[in-house]
Amino acid sequence: MKIIQVTDIHMVPSGRNLLGLSPRARLEACFADINRNHGDAACCLLTGDLADRGEPAAYDELRDLLGGLELPWRLLIGNHDDRVNFTKAFPGEPLDSNGFVQQTLDLEAGRLLLLDTNEPGSGAGSYCAERAAWLEAELERAEERPVYLFMHHPPFDINIPSLDRIKLLEIGELARVLDGRRNIRHLFFGHVHRPVSGSWRGIPFSALRSTVHQVPLDFATKRKVPYSYEPPAYAVIFLEPEQTLVHFHDYLDQSPVPDGMPRSVAAT
Ligand SMILES: [Fe+2]
């Protein structure tokens with residue numbers, strides 16, 4: 001089963017740019033590429049920082065663009081989002097019983113759980129006992145089926161100090177719920193605006209670049225988050241019984257091979 005992950009689209013109100021880039025043009029091109037190449041995907045998940053400042057007009061822009069995406073889509077929120085404005089703009093998106101933007105998506109490949117790590121007024125994330133109780137109940141109902149987690153903030157350091165300051169803090173409730181469960185196949189997150197993968201407490205994870213600005217590989221800067229114009233990407237993900245595959249696609253990168261050069265190479 002194929003799914004798509006798009007993250008950190010940072011929409012702004014119509015006609016505005018962000019750091020010299022157009023979030024609308026970037027997302028339009030992203031959706032066009034997905035429509036052209038991945039119409040067979042089961043769904044597209046947008047993993048937070050949907051709006052750069054959480055304004056209603058930015059969510060209006062997103063709703064408009066989602067009308068052109070030919071896949072079913074699901075949304076979760078990040079630190080740049082405003083939970084109240086989001087829920088007004090997207091009344092069809094499910095909430096948990098406490099009003100958090102958390103939902104379960106049962107697909108043929110397994111159970112996808114979309115978590116809400118937004119902490120109003122903070123760039124860092126949180127996962128409180130109320131949210132963890134929802135997660136625990138959904139994990140119980142999954143029984144032995146494969147589970148895939150989607151959340152905006154990573155719950156661990158990635159050794160980039162400017163981002164580690166604003167990771168998911170106080171992971172106690174999340175760790176308590178996840179520990180010992182052997183059916184959690186992968187953790188997908190956003191927030192870091194760059195590709196990174198590995199494992200955390202035995203759970204494989206991956207993240208990818210934003211559709212707009214990126215965070216450079218900077219192991220020194222501690223305070224403000226630096227940014228770069230590295231190319232935007234989306235992820236093509238295959239969820240299979242025996243493996244999870246994540247491909248990162250730089251959908252605007254043309255990188256033409258010069259005229260006169262061969263178009264393929266020998267396999268041996
Ligand atoms: Fe972001």
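Numbering of ligands and ligand atoms starts at 1, following listing order.
At least one side-chain heavy atom of Leu174 sits less than 4.5 Å from a side-chain heavy atom of Met151.
Not a single ring-ring contact (aromatic ring centres under 6.0 Å, His included) links Phe100 to another residue, sequence neighbours left out. Every residue was checked against the side-chain hydrogen bond (donor to acceptor under 3.5 Å, both in side chains) condition with Asn159, not counting sequence neighbours, and none meets it.
Residues in residues 31-56 take part in these ring pair (Phe, Tyr, Trp, His ring centres under 6.0 Å) pairs, two or more places apart or across chains: His38-Tyr234.
Distances shorter than 2.8 Å separate the Fe ion (ligand 1) from the protein N/O/S atoms Asp8 OD2, His10 NE2, Asp49 OD2, His193 NE2.
The number of heavy-atom neighbours closer than 6.0 Å to CD of Glu170, taken from other residues, nucleotides and ligands shown, is 12 or below.
Results of the side chain to side chain donor-acceptor pair (under 3.5 Å) test with Tyr59 over Thr87, Asp82, Asp81 single out Asp81 as the only residue that passes.
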